[in-house]
> 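Sharing a structure, written as structure tokens. Questions coming.
Atom set for the values below is all heavy atoms of this structure, side chains included, hydrogens, waters and symmetry mates excluded. Numbering starts at 1 and runs along the sequence shown. In this text the structure is predicted, and so the values were computed from the model without any measurement.
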Amino acid sequence: MTLQQEIVGNAMQMAVVNLRPGQTVYCEAGKFLFKTANVTMETRLSGPSAGGPAQGGGSGAAAAGMGGLLRQAMGTAMQVGQRALAGESLAFQYFTAQGGEGTVGFAGVLPGEMRALELDGTRAWFAEKDAFVAAESTVDFGIAFQGGRTGMKGGEGFILEKFTGHGTVVIAGAGNFIDLNPADFGGRIEVDTGCVVAFEEGIEYGVQRVGGLNRQGLMNAVFGGEGLSLATLEGNGSVILQSMTIEGLANALKKAQGGDKQGPTGGLFSTNVG
């Protein structure tokens, strides 16, 4: 059943989730805002797909239980290792309504919009790092690694968050969102690598060089503000872009504090803050 939630606010939005009795929602550590007293909170290293401990009786059941616990521990360790490699939070916080309906509030970490995505089990969604805010327990959170060449050139695009299963997942980004379908623009769009928030499974993500190794290509890289590469999104499906990049926000704040050293180019020679 769809998670009952409302996204409120303008410049810094938050998601207010209404839980039915016994319903569970989880978030990345650090994105919880508030809850009602009847909502329990538990912090775990495992994602919702790791399952609970095995149960049973007798020696055979005990052996099976030990095997189940070992598999669970190995699965949790793999999940934690993937999240550590991706630079994500190592833990999740789980919230469950007890004895009646409950309310929980979540928010992202940057000024910008939030979006609730509905998964029906037929298509996964991919999102940039740190986009995940919260999801109901029927949604699985994973890490997707792009190809090596894409990763080295694509910055944020190398490691993506992946959501599968059924239910609602809430994501957040910087600035304002715009929804596009590459199929409406000849099947392909080219985007600043920091502007991609999320896209449906079936969209092909890649990275290409900005221009050739000629005078204009070098001018684009040095003075154009995009560096050497653009993200490419091809296919027929939903794409969500954001109007602000994290690097752009960091550089703007640094400049306001008098510490901007990127000079007038804003391109290849920009200071990479992060």
> CG of Leu3 to OG of Ser137: how many Å apart, nearest 0.5 Å?
9.5 Å
> Could you state whether Phe185 and Leu233 fall into the same hydrophobic cluster, counting links through intermediate Ile, Leu, Val, Met, Phe, Trp or Tyr residues with side-chain heavy atoms under 4.5 angstrom apart?
yes
> Is there a side chain to side chain contact (heavy atoms under 4.5 Å, CB included) between Gln4 and Gln23? Walk through the geometry before answering.
CA-CA 11 Å; Gln4 295 180 3; Gln23 188 177 22; over 6 Å; no
> Looking only at side chains, do Thr168 and Glu118 share a donor and an acceptor under 3.5 Å apart?
yes
> Classify the angle between the aromatic ring planes of Phe106 and Phe32 as parallel (below 30°), tilted (30 to 60°) or perpendicular (above 60°).
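Perpendicular.
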> Minimum heavy-atom separation for Glu113 and Asn176, please, with both atom names.
OE2-CA, 3.4 Å
> Between Lys35 and Phe95, what is the shortest heavy-atom contact and its length?
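Shortest heavy-atom separation between Lys35 and Phe95 comes out as CD-CD2, 4.1 Å.
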> Quick check: do Phe34 and Thr103 have side-chain heavy atoms less than 4.5 Å from each other?
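When only atoms from C-beta onward are counted, Thr103 and Phe34 do touch, with a gap below 4.5 Å.
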> For Gly22, does its backbone N or O pair with a side-chain atom of Thr96 as donor and acceptor, under 3.5 Å?
no
> Is the backbone of Glu101 close enough, under 3.5 Å, to the side chain of Asn18 for a donor and an acceptor to pair up by distance?
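No: the side chain of Asn18 does not pair with the backbone of Glu101.
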> Kindly determine whether Leu241 and Phe177 satisfy side chain to side chain contact (heavy atoms under 4.5 Å, CB included), including the steps that lead there.
CA-CA 6 Å; Leu241 306 180; Phe177 286 171; over 6 Å; no
> Hey, does the side chain of Asn38 reach the backbone of Ala97 with a donor-acceptor pair shorter than 3.5 angstrom?
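No; zero donor-acceptor contacts below 3.5 Å.
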> From Glu234 CD over to Tyr205 OH, what is the distance, rounded to the nearest 0.5 angstrom?
12.5 Å
> Which heavy-atom pair separates Asp130 from Lys31 by the least distance, and what is that distance?
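Answer, listing the atom of Asp130 first, then Lys31: O-NZ, 2.8 Å.
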> Step by step, would you call Asp179 with Arg115 a salt bridge (charged side-chain N to carboxylate O under 4.0 Å, His left out)?
CA-CA 11 Å; Asp179 296 271; Arg115 179 69 58 82; 2.8 Å; yes
> Would you say the side-chain atoms of Gln208 and Glu190 include a donor-acceptor pair closer than 3.5 Å?
yes
> Tell me whether Val191 shares a hydrophobic cluster with Ile178, the cluster being built from Ile, Leu, Val, Met, Phe, Trp, Tyr side chains joined at under 4.5 Å.
yes
> Taking C-beta and beyond as the side chain, do Leu117 and Val170 meet within less than 4.5 Å on heavy atoms?
no
> How about Leu230 and Val207: do any of their side-chain heavy atoms sit closer than 4.5 Å?
no
> How long is the straight-line distance from CD1 of Ile143 back to NZ of Lys129, given to the nearest 0.5 Å?
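Separation between the atoms: 9.0 Å.
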> For a quick test of reading the model, state the closest non-hydrogen atom pair linking Met12 to Gly108 and the distance between them.
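Answer, listing the atom of Met12 first, then Gly108: CE-O, 3.3 Å.
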> Taking Leu19 as the fixed residue, which of Thr24, Thr36, Val25 is the one that meets the side chain to side chain contact (heavy atoms under 4.5 Å, CB included) rule?
Val25
> Is atom NZ of Lys162 surrounded by more than 12 heavy atoms (other residues, nucleotides or ligands) closer than 6.0 Å?
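At most 12 heavy atoms, drawn from other residues, nucleotides or ligands, come within 6.0 Å of this atom.
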> For the backbone of Ile7 and the side chain of Gln13, can you confirm whether one donor and one acceptor N or O come within less than 3.5 Å of each other?
no
> Side chains of Thr43 and Gln93: closer than 4.5 Å at any heavy-atom pair?
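Heavy-atom side-chain distance check passes, below 4.5 Å.
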> With hydrophobic residues grouped by side-chain heavy-atom distances under 4.5 Å, do Met41 and Val16 end up in a single group?
no
> Side chain of Tyr26, backbone of Val139: donor and acceptor closer than 3.5 Å?
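Between the backbone of Val139 and the side chain of Tyr26 there is a qualifying donor-acceptor contact (under 3.5 Å).
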> Can you check whether Phe132's main-chain N or O pairs, donor with acceptor, with Glu161's side chain at less than 3.5 Å?
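Checked: pair present.
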> For Cys195 and Thr245, what are the C-alpha separation, side-chain angles and deciding distance, and is it a side chain to side chain contact (heavy atoms under 4.5 Å, CB included)?
CA-CA 6 Å; Cys195 287; Thr245 67; 3.7 Å; yes
> Where the side chain of Gln242 meets the backbone of Gly194, is there a donor-acceptor pair that is under 3.5 Å apart?
yes
> Strictly distance-based, threshold 3.5 Å: is any side-chain N or O of Asn181 a donor or acceptor partner for the main-chain N or O of Gly237?
yes
> Is the side chain of Glu201 donor-acceptor paired with the backbone N or O of Ala124 at a distance under 3.5 Å, no angle test?
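Checked: pair present.
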> Identify which one of Phe199, Phe141, Trp125 satisfies the ring-ring contact (aromatic ring centres under 6.0 Å, His included) criterion when paired with Phe163.
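That would be Phe141; it is the only one of Phe199, Phe141, Trp125 passing the ring-ring contact (aromatic ring centres under 6.0 Å, His included) with Phe163.
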> Would you name the heavy atoms of Arg123 and Asn236 that are closest together and state the gap between them?
NH1-O, 3.8 Å
> Answer yes or no: is there a side-chain heavy-atom contact under 4.5 Å between Val8 and Met14?
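Yes - at least one pair of side-chain heavy atoms lies under 4.5 Å apart.
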> Is the CG atom of Asn10 crowded by more than 12 outside heavy atoms at less than 6.0 Å?
no
> Test Leu119 against Thr138 for side chain to side chain contact (heavy atoms under 4.5 Å, CB included), laying out the working first.
CA-CA 10 Å; Leu119 278 64; Thr138 52; over 6 Å; no
> Once rounded to the nearest 0.5 Å, what's the spacing between atom OG1 of Thr40 and atom OH of Tyr94?
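It is 12.5 Å, given to the nearest 0.5 Å.
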> Provide the closest heavy-atom pair for Ser238 versus Ile203 in the form atom of the first, atom of the second, distance.
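Closest approach of Ser238 to Ile203: O-CG1, 4.3 Å.
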